[in-house]
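Chain letters run A, B, ... following the sequence lines, proteins first, then strands; residues in each count from 1. On a predicted model such as this, the values are computed, not experimentally measured, just so you know.
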Amino acid sequence: MEVVAVIDFETTGLSPAQGDRATEIAAVLLENGKIVDRYQSLMNAGVRIPSFIEGLTGISNAMIRQAPSAADVMREVTDFVGDIPLVAHNASFDCKFWDAELQRINRTRRQEFACSLLLSRRLLPHAPSHKLGALVEFANLPVAGRAHRALADAEMAASLLSHLAEELRRKFGIGQVTHELLRKIQGVPKAKVEQALAKHQQSQ
DNA sequence: TGCCAGGCCCTCTTTAGGGCCTT
């Protein structure tokens, strides 16, 4: 598969529109099923992390106070990924925060997101749950570290994406898995995925 | 004061409701 950047945010809550901010970001570059580069940083957005979120992520207000500014980190991470297409687990969430944090530094997103959650629902329909941790367990993938920390979750999402690409090769005979194809698959209604993939394979 | 995300996806659906997923 072409190189993609799998990203994961930790945040103070669920919605930038409600004032929530990013507290940590990780991006891993995945090329031909292997992680070839990594970026990870805590970030200080100058807002308080609710105690529930401190417990969930292990990221404390004390840790954030010593972290570089959110603006500096977002400049670094956007420079790190450049124009490489993005992937996230439940990408609608990470895309909201990516766009909101970029807007604060007067930058705009340069690429589309693909979503490993939408892809898993289509390609692993029998998984008991489509939470990232549950999918990692279901597919016997390595646990990268503490769940709800950005780098561990980004690495596990990258492993999941490699597994999904392998499923596409093994079950549907698709040799060249591209970000564009992933975007296409995630937009097909679940009931029509096999039909769409068979048609795609015939066109190759 | 009271409210508080939003998109996907299923179903006892489409003039709707509720669970899943992200923090």
Side-chain angles (χ1 to χ4, degrees), chain A residues 4-28 40-64 67 70 73-74 77 86-104 109 112-139 141 143-161 163-164 182-196:
Chain A
V4 296
V6 183
I7 74 151
D8 186 74
F9 274 110
E10 303 306 318
T11 71
T12 62
L14 294 173
S15 172
Q18 299 293 315
D20 293 321
R21 296 292 306 275
T23 58
E24 186 179 47
I25 187 166
V28 300
Q40 179 269 328
S41 182
L42 291 167
M43 52 205 282
N44 184 353
V47 296
R48 182 158 187 83
I49 304 172
S51 58
F52 164 71
I53 303 290
E54 281 188 323
L56 179 71
T57 64
I59 299 170
S60 68
N61 284 288
M63 290 161 69
I64 290 302
V73 171
M74 289 309 299
V77 72
L86 297 169
V87 179
H89 196 68
N90 199 8
S92 66
F93 173 85
D94 292 278
C95 184
K96 274 189 306 191
F97 279 94
W98 184 264
D99 287 350
E101 294 293 345
L102 285 195
Q103 188 174 24
R104 291 173 176 274
R109 178 161 49 88
E112 297 291 345
F113 273 87
C115 177
S116 57
L117 170 63
L118 296 180
L119 289 164
S120 296
R121 283 177 175 161
R122 286 161 178 76
L123 300 175
L124 303 173
H126 302 303
S129 158
H130 292 87
K131 290 181 185 178
L132 180 58
L135 288 165
V136 164
E137 187 177 344
F138 176 75
L141 301 172
V143 174
R146 188 194 202 282
H148 293 298
R149 283 303 298 265
L151 184 59
D153 281 1
E155 289 188 358
M156 288 191 284
S159 293
L160 173 62
L161 187 67
H163 179 74
L164 295 172
L182 297 177
R183 295 256 310 159
K184 189 171 163 186
I185 295 168
Q186 74 183 40
V188 173
K190 276 186 75 176
K192 296 187 176 175
V193 169
E194 294 204 5
Q195 188 184 338

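Contact check, A:S129 against B:dC21: a side-chain N or O comes under 4.0 Å of OP1 or OP2. The phosphate of B:dT23 has OP1 or OP2 within less than 4.0 Å of a side-chain N or O from A:H148. The shortest distance between the side-chain N/O atoms of A:H130 and the OP1/OP2 oxygens of B:dC21 is below 4.0 Å.
By the 4.0 Å N-to-carboxylate-O rule, A:E10 lies too far from A:R149 to be salt-bridged with it.
B:dG7 atom P lies 8 Å from atom NZ of A:K96, rounded to whole Å. Put simply, CG on A:L160 is 13 Å from P on B:dC21, counting in whole angstrom units. Taking atom CH2 of residue A:W98 and atom C1' of nucleotide B:dT23, one finds them 18 Å apart after rounding to whole Å. Atom pair A:I53:CD1 and B:dA5:P shows a separation of 13 Å (rounding to whole Å applied). Across the protein-nucleic acid pair, A:R149 atom CZ and B:dT23 atom P stand 13 Å apart, rounded to whole Å. For the pair A:N90 CG and B:dA5 C1', the interatomic distance rounds to 11 Å; values are reported in whole Å. When the C1' atom of B:dT23 is taken as reference, atom NZ of A:K131 falls 13 Å away, rounded to whole Å. At whole-Å resolution of the value, CG in A:L124 and P in B:dC21 are 13 Å apart.
For B:dT15 and B:dC20, the P atoms lie 25 Å apart once the distance is rounded to whole Å. Taking the C1' atoms as reference points, B:dT23 lies 11 Å from B:dA5, given to the whole Å. Rounded to whole Å, the C1' atom of B:dA16 lies 11 Å from the corresponding atom of B:dC12. Taking atom C1' on both nucleotides, B:dT11 is separated from B:dC4 by 28 Å, rounded to a whole Å. For B:dC21 and B:dT14, the P atoms lie 24 Å apart once the distance is rounded to whole Å. Atom name C1', nucleotides B:dG18 and B:dT13: the rounded distance is 12 Å, in whole Å.
Environment of NZ in A:K131: sparse, with no more than 12 heavy atoms of neighbouring residues, nucleotides or ligands closer than 6.0 Å. A:R146 CZ: more than 12 foreign heavy atoms inside a 6.0 Å radius.
Neither side chain, A:T57 nor A:H148, offers a donor N or O lying under 3.5 Å from an acceptor on the other.
A:F97 comes within contact range of no nucleotide atom at all, as no heavy-atom separation falls under 4.0 Å. At the heavy-atom level, A:D8 lies under 4.0 Å from the strands shown only through sugar-phosphate atoms. A:T57 comes within 4.0 angstrom of sugar-phosphate atoms only, judged by non-hydrogen atoms across all strands, and of no base.
Checking side-chain atoms of A:H130 against main-chain N and O of A:L124 turns up a donor-acceptor pair under 3.5 Å.
Nucleotides of DNA chain B nearest to A:Q18 and A:E10 differ in position, and the one nearer the 5' end is that of A:Q18.
Between atom CD1 of residue A:I185 and atom CG of residue A:L123 there is a gap of 5.5 Å, rounded to the nearest 0.5 Å.
Aromatic ring orientation, A:W98 versus A:F113: perpendicular (interplanar angle above 60°, classes split at 30° and 60°).
Checked against A:S159 for a side chain to side chain contact (heavy atoms under 4.5 Å, CB included), the options A:V136, A:L141, A:L164 give a single hit: A:L141.
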Below 3.5 Å between N/O atoms, which protein atoms pair up with nucleotides 9-12 of chain B? Just atom names and distances, please.
{"unit_1": "B:dC9", "atom_1": "OP1", "unit_2": "A:R122", "atom_2": "NH1", "d": "2.5"}
{"unit_1": "B:dC9", "atom_1": "OP1", "unit_2": "A:R122", "atom_2": "NH2", "d": "2.6"}
{"unit_1": "B:dC9", "atom_1": "OP2", "unit_2": "A:R122", "atom_2": "NH2", "d": "3.0"}

